[in-house]
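Inspection log for the structure reproduced underneath, given as structure tokens.
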Amino acid sequence: MGLKGLNLFKSSRSNTTCTYKCGDACWGEAPNEHSDNEYFADMVTRSFSRRDALRASGVAVVTVGAGAALAACSTDDTKNSADSTSSKADDKGENLKDLPEGLQFDIIEPNKEDKIVIPEGYEQDVLIRWGDPVIEGAPEFDFDNQTPEAQEKQFGFNNDFAGILDTEDGTKVYVCSHEYTTEPMMFKDYDGEKPTKEQVDIGLFAHGHTIIEVDEDKNGKLTTKFGKKNRRIHGFTEFELTGPAAGHDKLKTKDDKSGKKVIGTFNNCSGGITPWGTMLSGEENVDQYFGGFDGVKDEDTKKELKRYSIKKDKSDRGWETVYDRFDVSKEPNEPNRHYYIVEIDPSDPESTPKKHTALGRFKHEAGQIYITDDNTVVCYSGDDERFEYIYKFVCEKKYKEGDRKANMELLEHGTLYVAKFSGNSPEDEIDGSGELPKDGKFDGDIEWVPLMTSKSDGKHESHVDGMDAAEVCFLTRLAADKAGATRMDRPEDIEPSPKTGKVYAALTNNKYRGMAEPDGKKQDNKEDKATDGAGREYEGPTEIAPVTENKNGLVLEMEDDHAGTKGKWNLLLVCGDPKEAYSYFGGYDKEKVSPISCPDNVAFDSYGNLWISTDGNALKSNDGLFGVSVEGETRGMVRQFLTVPTGAETCGPIIEDNRVMVNVQHPGEGEDQTTENPTSHWPDGGDAQPRPAVVQVFRTDGKKIGMA
């Protein structure tokens with residue numbers, strides 16, 4: 001069995017999950033420990049002009065990127081509906097009809113149930129599970145008889161981002177990413193020290209993406225079908241590199257002398273659906289797939305690898321023992337070909353997916369598009385690691401409604417920016433307790449610093465001294481270090497509101513913010529830096545991160561000028577237990593909100609409410625999906641809609657008027673769990689092995705979601 005991580009965050013994420021999901025990214029030295037940049041300090045909001053965004057150019061689009069769950073269900077029945085809504089007032093003392101549209105449902109209380117729990121009056125159905133056939137001719141899933149040939153045609157493991165869209169010919173498709181594999185939960189008697197080639201190949205095929213055609217009935221229920229657009233993209237799929245870094249010597253390998261063709265995509269986390277009908281997917285914790293670090297001879301290469309968290313001589317999966325491309329001592333340039341935003345065209349199953357180097361190379365949680373009033377296209381993305389940065393890319397050319405061919409090239413040319421945040425409260429008013437400063441809010445200003453401009457005429461320009469444009473694209477973290485970007489508490493999904501144009505970012509957590517010394521001694525003041533025993537210094541609380549040892553996370557709201565370089569920010573939520581003084585819910589009455597911890601993905605419903613999925617709940621409850629009011633008198637009101645089963649994470653929420661969908665990732669993973677002792681048997685119940693799956697939730701009475 002592979003090495004197990006140390007879960008020092010005391011969240012619900014298990015050691016197994018930490019190891020195979022992110023390579024223990026939250027333990028050990030931070031790759032940004034040597035940057036002198038200011039930490040995510042001082043920030044909040046100023047009202048901005050309301051704008052409509054994400055115009056779909058004739059393509060019906062639903063974006064996703066959070067988590068969700070379902071109602072009363074038994075552990076051995078995945079199609080169990082709850083009773084109709086039984087009360088007009090919920091347990092927070094609110095009359096449901098007085099609540100904002102879209103949030104009129106009975107709150108789900110925190111729980112540890114091994115099932116998807118949803119409000120009364122709702123029912124659920126599993127759309128597809130790991131191993132279910134996607135390509136016609138694929139065999140039915142057999143846990144004890146898996147093969148690479150079968151997995152190549154079956155639904156992948158640990159589905160994360162999801163979206164639904166109508167392709168050019170009107171075919172409706174469901175798309176999703178498969179973030180990572182957890183081999184100890186996939187194979188009996190798995191030995192991480194000596195994986196077989198067959199196990200490695202199954203893992204490679206279980207990564208990537210699924211595109212599958214779906215039918216929809218009159219009630220909004222989806223069913224999968226074998227269609228011409230069905231496709232599995234995986235660790236053996238060929239990708240095309242675009243942008244200034246494509247063809248650079250540092251992107252060439254023994255098998256690809258051009259530096260423009262990459263085999264495989266890995267750790268695809270959240271993403272986005274573009275107005276021109278493509279899927280974006282962020283390559284995130286790619287470092288964990290590489291071994292051979294000790295054999296790298298060039299010291300500069302070693303520094304670059306470490307800045308991207310690649311530092312193990314043997315990876316936890318051991319793929320480098322089977323394929324040289326995962327051994328950096330043999331292929332030191334291979335990592336430079338990953339950590340990008342991937343773009344996939346679901347309309348054309350024969351198309352070659354792209355990796356866009358112009359959008360920067362870092363641990364992309366997602367890529368979300370906003371279109372301004374003059375049709376300028378902006379893509380927002382976060383680098384999901386503690387003390388990393390927030391970026392945006394402003395396209396050179398305008399969005400052309402109906403011109404799909406031109407729009408497919410938009411993300412290849414434009415300017416890449418990184419964010420600097422400043423607060424507007426005196427330093428002595430931020431003491432780590434979460435108490436609001438005297439002005440009554442955590443807020444400040446945003447400055448977007450240009451890093452690189454990719455030009456359609458090929459004359460690319462770097463804005464960072466000592467680096468050319470291509471280097472900025474594949475060493476983006478180093479460029480952002482030089483630019484003085486603000487270090488954040490794990491910026492994950494970032495999404496603009498289609499109603500207001502405000503941009504929301506989930507900052508999942510950062511236990512090391514103002515952390516104590518190993519012996520428990522707290523830092524005496526902001527000049528006395530605490531370290532973790534590995535020599536890393538930790539910043540104390542700041543206005544943008546106002547809680548010492550941030551275990552529960554934050555939700556950031558930005559009023560950005562999108563195509564420009566200025567903006568305002570504020571903290572909408574300081575997550576955690578509403579009963580504790582440190583938590584903050586946009587000024588809303590804390591007695592009337594649901595506890596929320598570790599926000600991961602964000603999405604919007606048609607009413608403009610923000611929906612948040614969680615990953616690693618530190619409040620002793622299963623993860624779930626939450627609806628949040630962001631405007632008016634109820635701003636900051638948080639209501640939990642569902643929880644997912646034991647050990648699972650809520651991902652890829654799709655919030656529509658007639659349907660809520662979520663991806664349920666890694667059910668059954670616990671402390672050192674294996675196939676012999678899973679903590680869950682969801683979704684099939686009985687003694688079945690747990691399987692990541694897609695769930696859809698409906699109203700039993702046919703009414704709209706969240707309407708009393």
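In this text, all values refer to a predicted model and were calculated from it rather than measured experimentally.
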(request) Verify whether the ring centers belonging to Y122 and F698 lie closer than 6.0 Å. (result) no
(message) Nearest 0.5 Å, please: how far is CZ in R487 from CD in E388?
(response) 8.5 Å
(message) Quiz question: by atom type and distance under 3.5 Å, do the side chains of Y370 and D560 form a donor-acceptor pair?
(response) no
(request) Hey, could you give me the CG/OG1 distance between N552 and T508, rounded to the nearest 0.5 Å? (result) 11.0 Å
(request) Would you please name every residue forming a side-chain hydrogen bond (donor to acceptor under 3.5 Å, both in side chains) with T634, sequence neighbours left out? (result) S629
(message) Between the side chains of R635 and E557, is the shortest nitrogen-to-carboxylate-oxygen separation below 4.0 Å, so that they form an ion pair?
(response) yes
(request) Examine the side chains of E492 and S270 and answer whether a donor and an acceptor come within less than 3.5 Å of each other. (result) no
(request) List the atom of I612, the atom of P599, and the distance in Å for their closest heavy-atom pair. (result) CG2-CB, 3.6 Å
(request) Please determine if R490 and D383 form a salt bridge, counting it only when a charged side-chain N lies under 4.0 Å from a carboxylate O. (result) no
(request) Tell me, please, whether F585 has K590 positioned over its six-membered ring: NZ or CZ under 6.0 Å from the ring centre and within 45 degrees of its axis? (result) no
(request) Answer yes or no: is there an ion pair linking D287 with K363, defined by an N-O contact shorter than 4.0 Å? (result) yes
(message) Within the supplied structure, the quantity of interest is the number of heavy atoms (other residues, nucleotides, ligands) at a distance under 6.0 Å from E435 CD; does it exceed 12?
(response) no
(request) Check whether NZ of the Lys or CZ of the Arg R639 lies under 6.0 Å from the centre of the six-membered ring of F626 and within 45 degrees of that ring's axis. (result) no
(request) Over 60° means perpendicular and under 30° means parallel, so classify the ring planes of F105 and F641, tilted if in between. (result) perpendicular
(request) Enter the distance from N622:CG to K112:NZ here, rounded to the nearest 0.5 Å. (result) 5.0 Å
(request) On the 0 to 90° scale, with breaks at 30° and 60°, tag the H562-Y380 ring pair as parallel, tilted or perpendicular. (result) perpendicular
(message) I'd like to know whether the aromatic ring centres of Y504 and F604 sit less than 6.0 Å apart in this structure.
(response) yes
